[in-house]
There are 2 protein chains.
Amino acid sequence: MENIINHFEKYLPLNDEEKQALMSRVTERKIKRRQFLLQEGDVCKYFTYVQSGCFKMYGVDDKGVEHNLVFAAEDDWISDIGSLHKELPSKLFIEAIEPSIVLQISKGDLWYLYSNHPKFDRNFRVIMEDKYIELQNRLLQAFSSTALDRYDRFITQYPHLANRLPNTQIASYLGVTPEFLSKIKNDRFKK
Amino acid sequence: MENIINHFEKYLPLNDEEKQALMSRVTERKIKRRQFLLQEGDVCKYFTYVQSGCFKMYGVDDKGVEHNLVFAAEDDWISDIGSLHKELPSKLFIEAIEPSIVLQISKGDLWYLYSNHPKFDRNFRVIMEDKYIELQNRLLQAFSSTALDRYDRFITQYPHLANRLPNTQIASYLGVTPEFLSKIKNDRFKK
DNA sequence: AAATATCCTTAATATAGTTTAAGGGTAAAG
DNA sequence: CTTTACCCTTAAACTATATTAAGGATATTT
């Protein structure tokens, strides 16, 4: 629980009342490797804070191939925002890559925090903005640079993830096959 | 001015005081074709509502090729959120594709509206969410479907844009060259 | 209305990335 | 501690898309 409080206090200090409100609205869960927080067709019910472990959020195409949209490790958030806010069935999966511990806030509790403690309003808006910016950069990269460039940037930008994740997951994030990523790494090493 | 009020009232009705606050914080500008609202290296100063006309927001790669991230036509918003909120130099351009009329809100005025009229807070959060969802879908598509599929979805999802925009702009949005888009369209027609 | 700039198409050649297949290596689960 | 499942690599054949080049068609600007 301390982690999530520290997380918010990176932006703005919380008073005791706010800490209390947050802690009472959050549910801790232990998640096994390969367990799902969300499956395609279900409505996303929670905004999830990752206390420890690691998750991927991905879509599956017609051929059954998975495409990783985002990873979330310790001290990060994960949710299908679209499904959560509009209460529509998700097209995505959220799955644990490692055994994990999460803190979840339901949509109702999130609304409660927003309207009773405006500080959370601002905090969550900043979180959303950061996520938006991340996606925008990713999209620009996807269109304007080669797979090798994207790999280079990935390992410099997310070194903690690059070490932990199997290459097959990184390949899916970069938008290439594992075979091609293997080739990229080999070519890169030779230089 | 009526347009922007109608726009907000799609979500929630505004009272006179709110309408007044909005109208007094908004600046109308006439923009010529090819005029920029934002250029790479500048800090994005405004959240812009498009009353009439059409804009593109794009990045330019090492080779000088433009990559369209989003379009915004009548009754839509456009801004480099990252640059606006963090006050950092943008890596993007926002340029008019047609002669346009816009209503702009500065960051300061936006903050004023948020803190004095909570309804705008909710409205702008919904706008942001919608933009986020749009980007997320676009990213998933970029990785999981072929250029032909992306083109098909584009013309069914944005028919009003598909008619108006030159193919070269659509190609840049889809992430292909104009030559290849031309081929796609030809193949598609033959079926 | 003329002049200029931009846009669209076609086609040949080139390339980044995929597919298929197969063997060996590593980590998870019983 | 063994077995099963997953992961990584290599390489050859294949495919979607890029590049280059060039001519004709539309718009915009003068």
Side-chain angles (χ1 to χ4, degrees), chain A residues 31-35 53-54 56 58 61-68 95-100 141-155 161-191, chain B residues 31-35 53-54 56 58 60-68 71 95-100 141-155 161-191:
Chain A
I31 311 291
K32 290 185 199 164
R33 188 163 176 269
R34 267 170 225 197
Q35 192 179 334
C54 189
K56 58 178 172 176
Y58 61 92
D61 70 21
D62 325 319
K63 293 175 191 156
V65 179
E66 295 179 10
H67 300 275
N68 290 159
E95 182 184 340
I97 303 179
E98 302 173 359
S100 305
Q141 264 190 58
F143 283 144
S144 68
S145 62
T146 174
L148 171 58
D149 281 359
R150 278 178 273 150
Y151 179 65
D152 278 341
R153 284 201 227 177
F154 180 76
I155 57 174
L161 287 176
N163 292 325
R164 262 159 98 172
L165 295 172
N167 280 313
T168 141
Q169 295 306 320
I170 295 175
S172 167
Y173 180 89
L174 297 176
V176 296
T177 57
E179 291 84 357
F180 190 61
L181 178 56
S182 187
K183 193 182 178 234
I184 284 172
K185 289 175 69 180
N186 191 31
D187 292 355
R188 201 166 164 277
F189 185 69
K190 279 181 188 159
K191 279 186 190 165
Chain B
I31 311 290
K32 289 185 197 160
R33 190 162 175 271
R34 262 164 233 202
Q35 192 179 336
C54 188
K56 59 179 173 175
Y58 61 93
V60 176
D61 69 21
D62 325 320
K63 293 175 192 156
V65 179
E66 294 180 10
H67 300 275
N68 289 159
F71 296 119
E95 184 183 339
I97 303 180
E98 302 173 358
S100 305
Q141 264 189 58
F143 283 143
S144 68
S145 60
T146 175
L148 171 59
D149 281 359
R150 277 177 276 149
Y151 179 66
D152 279 340
R153 283 200 227 176
F154 179 77
I155 58 174
L161 288 177
N163 292 326
R164 262 161 97 173
L165 295 173
N167 280 314
T168 143
Q169 294 308 320
I170 296 174
S172 167
Y173 180 89
L174 296 175
V176 297
T177 58
E179 291 84 357
F180 191 61
L181 178 56
S182 185
K183 194 182 178 230
I184 284 172
K185 288 176 69 180
N186 190 31
D187 293 356
R188 202 166 162 275
F189 185 69
K190 280 181 185 155
K191 275 183 190 166

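Throughout, protein chains are lettered first and strands after them, A, B, ... in sequence-line order, and every chain is numbered starting at 1. Remember, predicted model here, so these are calculated numbers, not experimental data.
The CD atom of B/Glu98 sits 14 Å away from the C1' atom of D/dT28 (whole-angstrom rounding). Straight-line distance from the CG atom of A/Asp187 to the P atom of C/dA16: 10 Å, rounded to whole Å. As a whole-Å value, the separation of A/Leu148 CG from C/dG17 C1' is 13 Å. In this structure, A/Phe143 atom CZ and D/dA18 atom C1' are separated by 15 Å, rounded to whole Å. Distance A/Ile170 CD1 to D/dC8 P: 8 Å, rounded to the nearest Å. When rounded to the nearest whole Å, the span between CG of B/Leu181 and C1' of C/dT6 equals 16 Å. Spacing between atom NZ of B/Lys183 and atom P of D/dT19 amounts to 15 Å, rounded to whole angstrom units. Nucleotide D/dT10 holds its C1' atom 15 Å from the CD1 atom of A/Ile184, rounded to whole Å.
Of the candidates C/dG17, C/dT10, D/dT10, the closest approach to any side-chain atom of A/Ser182 belongs to D/dT10. Out of D/dA18, C/dG17, C/dC8, the shortest distance to the side chain of B/Val176 is found at D/dA18. Across D/dT19, C/dG17, C/dT18, the shortest atom-to-atom separation from the side chain of B/Thr177 is found for D/dT19. Which of C/dT9, D/dT17, D/dT9 sits closest to the side chain of A/Lys185 comes down to D/dT9. Residue B/Glu179 has its side chain nearest to C/dT10 when only C/dT10, C/dC8, C/dT6 are considered. The side chain of B/Thr146 sits closest to D/dT17 out of D/dC8, D/dT17, C/dT9. Across D/dT19, D/dC6, D/dT28, the shortest atom-to-atom separation from the side chain of B/Arg33 is found for D/dT28. Of the candidate nucleotides C/dA21, D/dC8, D/dT17, D/dC8 has the atom nearest to the side chain of A/Pro166. Closest contact between the side chain of A/Phe180 and the listed nucleotides D/dT19, C/dG17, C/dC7 involves C/dG17.
Aromatic ring pairs are classed by plane angle as parallel below 30°, tilted from 30° to 60° and perpendicular above 60°; the pair A/Phe154 and A/Tyr173 is tilted.
Partner A/Tyr58 forms a side-chain hydrogen bond (donor to acceptor under 3.5 Å, both in side chains) with one of A/His67, A/Glu95, A/Gln169 and no other, that one being A/Glu95.
B/Ser172 contributes a side-chain N or O that, together with a main-chain N or O of B/Glu66, makes up a donor-acceptor pair within less than 3.5 Å. When atom types are taken as modelled, the side chain of B/Thr177 and the backbone of B/Phe180 share a donor-acceptor pair closer than 3.5 angstrom.
For the pair B/Arg34 and C/dA5, the criterion of a side-chain N or O lying under 4.0 Å from OP1 or OP2 is not met. One finds no side-chain N or O of B/Asn186 lying less than 4.0 angstrom from the OP1 or OP2 phosphate oxygen of C/dT9. For C/dC8, one of the phosphate oxygens OP1 or OP2 lies less than 4.0 angstrom from a side-chain nitrogen or oxygen of B/Asn167.
Using a 4.0 Å heavy-atom cutoff across all strands shown, A/Arg150 reaches sugar-phosphate atoms only and no base atom.
Taken from OG1 in B/Thr168 to CG in B/Asn68, the straight-line distance is 8.0 Å, to the nearest 0.5 Å.
The closest side-chain heavy-atom distance from B/Ile170 to B/Lys185 is not below 4.5 Å.
Both B/Lys63 and A/Pro178 lie close to DNA chain D; mapped to their nearest nucleotides by heavy-atom distance, the more 5′-ward contact belongs to A/Pro178.
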